[in-house]
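By convention in this document, chain letters (A, B, ...) are assigned in the order of the sequence lines, proteins followed by strands, and residues within each chain are numbered from 1. Model, not experiment: these values are computed from the prediction.
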2 protein chains.
Amino acid sequence: MTEGTQSQLDAVTVSQSPIERFEEYLQSRKLRITDQRRFLVEQVFSRHEHFDADQLIDQLPRKGHANYVSRPTVYRTLKEFVDAGLLRSFELNGRSVYEHDYGYPEHDHFYCVKCHALLEFQSEQLIQLRDEVAKQHRFRVRSHRFIIQGVCDACNRQSSRMRRKQDLV
Amino acid sequence: MTEGTQSQLDAVTVSQSPIERFEEYLQSRKLRITDQRRFLVEQVFSRHEHFDADQLIDQLPRKGHANYVSRPTVYRTLKEFVDAGLLRSFELNGRSVYEHDYGYPEHDHFYCVKCHALLEFQSEQLIQLRDEVAKQHRFRVRSHRFIIQGVCDACNRQSSRMRRKQDLV
DNA sequence: ATCGTTGCAAACGTTTTGCATAAGG
DNA sequence: CCTTATGCAAAACGTTTGCAACGAT
């Protein structure tokens, strides 16, 4: 069984909160439970959307205010979240995008090139296909990233509406 | 029919060389056929492997020598190759990776996290699955990127061999 | 003659680093 | 008290830009 699949199973099976899981991870590595780390877990799991480092920082208190966390610490902590299995990350347009891994079902994405929305979908068949192909090539799967680029339903409707009214694209 | 699929069909159907196709593309957009562009097409299509901008630049003549092409021009031209349908690009570890699109069959990748090799595989089923899922979500497909991360056969064999001899991971 | 292209240097946006200070265990 | 974590400033990284000189059409 692959690591990717393993952590997925944990995610749905186990009933720990993200903070609990992270503290366990930190303790197992003799790392420290700090105010910043606690606060960031809380912030990151308060919303379900995909986000990048800047979006997270924007939602955090500014310098001089309570619970301020510096930019380097945000980056360092995001990496730890990925290691701890709380988040997954992938790259889009030159920056890292994060999403919940822990306690969140496995899925893949549509990426709309017009509105830049990331939409999720699930496909059990895809996992089967992945594992089959990997087996044929004797490749041990750890995880995968599948992004379908194109135009989402909303943008499709909008551009056909515009085409009718004016002659903008 | 999606744009991605369209250019694939062209690629296998048409019998133009990459340079011919690129010149046609340039002419259609009233862009110019320069020494640098000609030279870069030649270089890029002289090898079949995946590459990034730095790897390409390393294989090019140095400053002061014949056929020197500056870094910005390499970047600008790689973008044009993608527009022209000669290359496709995707992001890996924070940089853009390019591969032949024109005259090369559609495929996806295994990425070995140990040796960092990119291995190709083809799956007709994957395309069908992609189009099916997209249809269900009324998403108009332009292209996709599917990367399976894990450990390749060679690295698997190597690490089991080492485990037997010593007790290195 | 025009207008796209090049090379240079400098900027860019994102992420990482070295280091002194702070704080968890 | 020991060591890890933090914030700061600065660097690093891959890539892009403004601009003057150059060159294709």
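Atom CD of B/E80 and atom C1' of C/dG4 are 10 Å apart (whole Å). Across the protein-nucleic acid pair, B/I57 atom CD1 and D/dT16 atom P stand 12 Å apart, rounded to whole Å. When rounded to the nearest whole Å, the span between CG of A/L26 and P of C/dG24 equals 14 Å. Summarising the geometry, the separation between CZ on A/R29 and C1' on C/dG25 is reported as 19 Å, rounded to the nearest angstrom. The CD-P distance, from B/E23 to C/dT5, rounds to 14 Å in whole Å. In this structure, the CG atom of B/L78 is 15 Å from the C1' atom of C/dT6, given to the nearest Å. In this structure, NZ of A/K30 is placed 13 Å from C1' of D/dT3, rounded to the nearest angstrom. In this structure, A/Q27 atom CD and C/dG25 atom P are separated by 8 Å, rounded to whole Å.
Put simply, the side chain of B/V82 reaches to within 4.5 Å of the side chain of B/Y98, judged on heavy atoms.
Although no hydrogens or angles enter the test, the distance criterion places a donor-acceptor pair under 3.5 Å between the side chain of B/R95 and the main chain of B/L92.
At a non-hydrogen distance threshold of 4.0 Å, B/T34, B/Q36, B/R37 from residues 33-40 of chain B come into contact with DNA chain C.
No hydrogens or angles were tested; on distance alone, nothing pairs the side chain of B/R32 with the base of D/dT25 as donor and acceptor under 3.5 Å.
Ring orientation note: the planes of B/F22 and B/F81 are nearly perpendicular, at an angle over 60° on the 30°/60° scale. Ring geometry for A/F146 against B/H144 counts as perpendicular: the plane angle is over 60°, on a 0 to 90° scale with 30° as the lower cut.
Heavy atoms from other residues, nucleotides or ligands lying under 6.0 Å from CZ of B/R138 number 12 at most.
With 3.5 Å as the limit, one finds a donor-acceptor pair spanning the side chains of A/Y104 and A/E120. No side-chain donor from either of B/Q55 and B/H50 sits under 3.5 Å from a side-chain acceptor of the other.
A/H137 and B/F110 have their aromatic ring centers within a separation under 6.0 angstrom. Under the 6.0 Å cut-off for aromatic ring centres, B/F45 and B/H48 do not qualify, their centroids lying 6.0 Å or more apart.
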Determine, for nucleotides 9-18 of chain C in 5'-to-3' order, which nucleotides have protein heavy atoms under 4.0 Å from the base (write B), from only the sugar-phosphate (write S), or from neither (write -). B----SBBBB
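A sub-4.0 Å separation between OP1 or OP2 of D/dT6 and a side-chain N or O of A/S70 is absent.
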